[in-house]
Amino acid sequence: MAAKSGRGVAELETERSENGRKSENNGRELMLGLYRMLVKCRMCDEKARILFRQGKFAGNFYSGVGQEAAEVGAAYSLREDDWIAPSHRDWTANIIKGAPLNLCFAQLFGKATSPDRGKSTPAHMGYPPIHTITPASSIAGQLAVGTGVAFGLKKLGRDTVVVSFFGDGATSLGGFHEALNFAGVHRLPIIYVCQNNLWAESVPLRLQTALKDLSERAKAYGFPGIPVDGNDVMAVYDTAVKAIARARAGDGPTFIECKTYRWYGHSEIDPAKYRMKEEVDAWKKRDPLVLFEKVLRDKKLLNDESKDKIAKEITQEINEAVEFAEQSPYPDASELADHIWAPQE
Amino acid sequence: MAAKSGRGVAELETERSENGRKSENNGRELMLGLYRMLVKCRMCDEKARILFRQGKFAGNFYSGVGQEAAEVGAAYSLREDDWIAPSHRDWTANIIKGAPLNLCFAQLFGKATSPDRGKSTPAHMGYPPIHTITPASSIAGQLAVGTGVAFGLKKLGRDTVVVSFFGDGATSLGGFHEALNFAGVHRLPIIYVCQNNLWAESVPLRLQTALKDLSERAKAYGFPGIPVDGNDVMAVYDTAVKAIARARAGDGPTFIECKTYRWYGHSEIDPAKYRMKEEVDAWKKRDPLVLFEKVLRDKKLLNDESKDKIAKEITQEINEAVEFAEQSPYPDASELADHIWAPQE
Amino acid sequence: MARNITMIDAITEAMAQEMERDERVFVMGEDIGLSGGVFKATQGLYDKFGEERVLDTPLAEGNIIASAIGASMVGLRPIAEIQFADFITPAMESLVQQASKIRYRSAGGYGCSLTVRICCGGGTGGGLYHSQENASWFVHEPGLKVVMPSTPYDAKGLLLAAIRDPNPVLYFEHKKLYRTAKGDVPEGDYTVPIGKAETRRQGRNMTVVTYGYMTSLCLEAAEKMAKNGIEAEVIDLRTLSPIDKETVLESVRRTNKCLIVHEDKRTLGIGGEISAIVAEEAFEDLDGPIVRITGPDIPAIPFAPPLEHAWMVNTDKIVAGMEKLAAY
Amino acid sequence: MARNITMIDAITEAMAQEMERDERVFVMGEDIGLSGGVFKATQGLYDKFGEERVLDTPLAEGNIIASAIGASMVGLRPIAEIQFADFITPAMESLVQQASKIRYRSAGGYGCSLTVRICCGGGTGGGLYHSQENASWFVHEPGLKVVMPSTPYDAKGLLLAAIRDPNPVLYFEHKKLYRTAKGDVPEGDYTVPIGKAETRRQGRNMTVVTYGYMTSLCLEAAEKMAKNGIEAEVIDLRTLSPIDKETVLESVRRTNKCLIVHEDKRTLGIGGEISAIVAEEAFEDLDGPIVRITGPDIPAIPFAPPLEHAWMVNTDKIVAGMEKLAAY
Ligand SMILES: Cc1ncc(C[n+]2csc(CCOP(=O)(O)OP(=O)(O)O)c2C)c(N)n1
Ligand SMILES: Cc1ncc(C[n+]2csc(CCOP(=O)(O)OP(=O)(O)O)c2C)c(N)n1
Ligand SMILES: [Mg+2]
Ligand SMILES: [Mg+2]
């Protein structure tokens, strides 16, 4: 069951230890790797938005722009055999975990070359070779199944972990409670990463919960809940590395609340008029990329030239991927009834 | 919508202020009233067990013996227009709230004179005139609906409250979480009374939750959670009175965890071999009736004679009620399709 | 005065008018407040009636229904919204174990006057989790009424009837009709009776039983067949539970043939029950098999356009069914 | 060597043998461990296999299924128990949105090899919430297989088949059969194929389609009818999804009459689908209406003995149905 992923893309060549202990190594390579991944997520996401608006794919798209530090920081140090249970806003989790961009864009387009062969809606992406679970749309469903995967991994005696991504709204659902309670009882190897972006579609946090910190919820399950600045990639990364190590060591789950913000509407068809302009602007000022870029520049790890180079390389990769997606055929209507049943063993 | 209940039974004549402020009045009448109610619940429950074992009624019965202090302490100070959302083990909640014993025993027997005309299973009793909600069996369903009632009452601007009874096991269900979260957001007038008897059928607490105190769960919803000795009726009573006052004042819910124990099996068909004899014995030594009796005797509020008198009066009442239940007819088969639909308005 | 308006406007109007008329009525659900709903069905209500009567709930369908049930038990008249029928599964316990049974289990002691608006249906590129119908589960559950309008007129009239009904009513709205279905809708107050089907087209050669979005496709197909002299009678069920057997049977007894059309999956879709009723109660009047044209037995409608297209029932498929039946 | 044992023993034996044979198999649910289950279906397994493989879960049906799904995704073979079918509603999301669709939505990338044992059925005084069947919702959901045995032999063979099936299988057990159904069960390993009905009695005058507890009642009724020279063929579906159409249709084409019997509520009970299949595919062979003898359209089975009695299908009701059909 060991992962044989197709990762070969450049940024995966940054140094990665097998034990997820990179927090102590805030070295050059790590930081540049994180930076490159942030940029890649941002650029892919913005590209996806454009493609949607251009009518290149139908359905919908759920942009994670503004939340990249949470996503990258939490998932960057995962091993190949670790799992991610993403939600609707976590298309880029696949990118971080190493899915080829070709497949990611083919997924948006609903093409036959997508890992789900066009069956799932755009952004609801999973890719078995890298153990990202194809999500349903139903909120909290993914963290429930992801918890089950952690349960299975523990039963198998693996030291593999699961990272579960979800939003603030998901914490209101019964399935969330049942899963975290179970994870607490059995000290499952899972890290719950809540991207608290203050809104669940148009519903503000005050109508979702009486709490200020959603990380408080973890207390009800007997494991640590940690609030963290979700726009500070190093802060998220350090917290995640510790949580992952804890899970791997068999000490159970951690709930990480990344306080962050989505820049755009809930989806590309949502003008998000329910939010105050001041709120949006304030958060945009705390752009996770800009914040981290400043750190790197201060440390002399990045300059205009190297920044451009990274952007260019990624642009190139994206263009090829979009090309691939566009050229790919749609699944044939004859595939409609495929994949309902497993081939009998 | 004001309650016009049929309460006329003796113990309701103890003094009851309208504002639920009896905690400051640990007077003679109150304490004797509580004692009488404890005894009544115990005697009715033990009688129900005997009747079931004698084959006088079918189905099943869920004894609350050992937990009377929690039940009585929590519900005793409620006003007539307050609501209770009981669960399977809370048949006696109806008695505390003032349901005539005739109806309570008719309910067990599934007779046409039962408030539910034999439709619901034994012990799953509600009685609209006193605002006890006929429960489903599905655990946590009652507290969800009870929370809805609190929501409605608040919308109507009433100062009426709801007491919701449930067990430790119920706190694992998604419906529990969703309800308490909602109650927290809207500061609903509800008191969640968890009777933590350490077991959900045969499942021990350690497999149900990673917590020691279930009252910790309230923190996840932004309202107070209070652990209390559930075998000490005055302790429960005082806690409940404060929580009820709080709810009535519009300050929102309280979670009261009554640490208690059921003496017998989950139901009358459960030999409960999964529990250690030592555990059972230790709890029986802390019989809530014996504990409270000692308090009363120390205060010279009770002696052998007055104790006997109470027991005799209750015995008499029970005997009449059992007689009533036995004499009552079963519903006619022709009633099968009644009460599915409301009469059109 | 009737105006030509869309189905979504008819729905909004029904809620607004009933909230005006009856202060016990309020709406609750996800994103129905400030934002006016994912499809804008509640647009304007928040401004008009305020947060007290237009409540954005936490993301928890089970609790949306459970809290609405409780509120109805103290005399209020909640309209709860389930944003997509696909997300009704977390509310199954509340709907089936509580709403449908509270009256029965209390022998009428407690009631549940609840309207649940549920956006459903495919054909709009919503994919696996934004295209489901999921009505048939509830048709199997007595104690719940289930309706689905196909015209703006019925949308308003059925919604008003649902809100006033002292029972729990599940009101399914096909998202494809929101803005494509237009029609005359009176400004004033009226109800469409729950439990009554409507014959949308008269015909002597076969009876077509359908509902919701499929109604217009059946009518189109009927027109095509008419060109070949086959006159199909088209019955729009409108209420899915309790089913208006009489209208269906009366028609089949005249036309002697029955075609059933629905978008939902075939096995144990509502067509199964219609067919069974006809096969039992009008058997001797039948001149041909009872034919069902339905969505396929596939978990849900997939996203990729060719796959969704292959799933959906369309006029051609209906015509094929009619031709098959006409041959008898 | 076959022994005459009860259905409950056959079920326990199947689990024990498969856990012995395949270390990926484990059981999880409420009260299935130390206490051996509410009906003792898992008795002895905890002692034999320990807490690791016989896990008492928190009281949370949704998570029982979700965690079993997850475990199956990493290659394990969970058997999850839902204590009563009545309490499956909180698991609707996990079963219908996850288990039935994970393979489809990932185009086969992820599978779900899961067995869910569900105790169901009435006639034992369980009342509204310990008597429900609730199988038909899942028959409507492709991606899930649904079975219900009527004999100890099938109980063991179908359970072994279910555990080995790489798809999610809902295995319904009628509680009334646990100790009343006895029969020969081989000691060794065997499976009963999922998707195949079994003809329990041959007959030329009518086909009776049924399943579960009703099977024995239909056989009794058939014997009574035989005394009057009416020979009914009795088909036990065994698998409710996917339905074995061929066996049903082949029989109806010979007998020209079809009676359907089930305990569950009538409207959109499984009989609705059987009827619809027959009415569409064997219409020309039918000499009489398709008759259904079923539970009534009432929310659930009430407690009081006269009410439960009135609800339940019994031999007399079946005989009445047979007589009605025989008259054609
Ligand atoms: C069970 C369920 N109910 C409703 C929806 C519709 N819906 C999709 S996303 C969303 C809001 C999610 O908010 P949050 O969990 O905070 O995640 P975010 O979108 O902010 O990342 C809603 C209500 C859904 N997908 N699933
Ligand atoms: C949703 C649901 N699942 C399972 C059951 C079966 N059941 C009845 S009572 C019970 C245990 C309840 O334990 P707890 O909540 O602690 O209450 P207690 O019986 O100890 O008072 C179970 C599992 C049920 N009634 N409802
Ligand atoms: Mg959010
Ligand atoms: Mg308990």
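All heavy atoms count here, side chains included; hydrogens, waters and symmetry mates do not. Below, read A as the first sequence line, B as the second, and so on, with proteins coming before strands; counting in each chain starts at 1. Given the structure is predicted, the values throughout are model-derived calculations rather than measurements.
Ranked by heavy-atom pairs under 4.5 Å with chain C, the list A140(A), G110(A), G118(A) is led by G118(A). When each of G169(A), S202(A), S114(A) is scored by its heavy-atom pairs under 4.5 Å with chain C, the top score falls to S202(A). Options G125(C), G33(C), S35(C) differ in how many heavy-atom pairs under 4.5 Å they form with chain A, and the most are formed by S35(C). Of the listed residues (E201(A), R117(A), K111(A)), the greatest number of heavy-atom pairs within a distance under 4.5 Å of chain C belongs to E201(A). Chosen from A170(A), P122(A), G175(A), S137(A), the residue pairing most often with chain C at heavy-atom distances under 4.5 Å is S137(A). The choice from A337(A), P331(A), S334(A) that makes the most heavy-atom pairs within less than 4.5 Å of chain C is P331(A). Among L173(A), D332(A), D270(A), the residue with the largest count of heavy-atom pairs under 4.5 Å with chain C is L173(A).
In this structure, chain A has a heavy atom under 4.5 Å from the side chain of Q83(C), while its backbone stays farther away. In this structure, chain C has no heavy atom under 4.5 Å from any part of K273(A). Contact annotation for R206(A): only side-chain heavy atoms (C-beta onward) come within less than 4.5 Å of a heavy atom of chain C. For E308(C), no part lies under 4.5 angstrom from a heavy atom of chain A. Heavy atoms closer than 4.5 Å to chain A are found in both the backbone and the side chain of I298(C). Of the two parts of A112(A), neither the backbone nor the side chain holds a non-hydrogen atom closer than 4.5 Å to a non-hydrogen atom of chain C. Heavy atoms closer than 4.5 Å to chain A are found in the side chain of H130(C), but not in its backbone.
Nearest heavy-atom pair across A200(A) and D31(C) is O-OD1, 3.5 Å. Residues F303(C) and S120(A) approach most closely at CB-O, 3.4 Å, considering heavy atoms.
For residues 53-65 of chain C, the interface with chain A (any heavy-atom pair closer than 4.5 Å) comprises D56(C), T57(C), P58(C), L59(C), A60(C), E61(C), sorted by residue number. Scanning residues 48-62 of chain A against chain C with a 4.5 Å heavy-atom cutoff picks out A58(A), G59(A), Y62(A), ordered by number.
Atom NZ of K40(C) sits in a crowded spot, with more than 12 heavy atoms from other residues, nucleotides or ligands closer than 6.0 Å. Residue E23(C) qualifies as open at atom CD: its count of foreign heavy atoms under 6.0 Å is 12 or below.
Separation of atoms CD (E335(A)) and CG (L307(C)) is listed at 6.5 Å; rounding is to 0.5 Å.
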Residues H124(A), L128(C); criterion side chain to side chain contact (heavy atoms under 4.5 Å, CB included); working and verdict | CA-CA 10 Å; H124(A) 293 75; L128(C) 297 170; over 6 Å; no

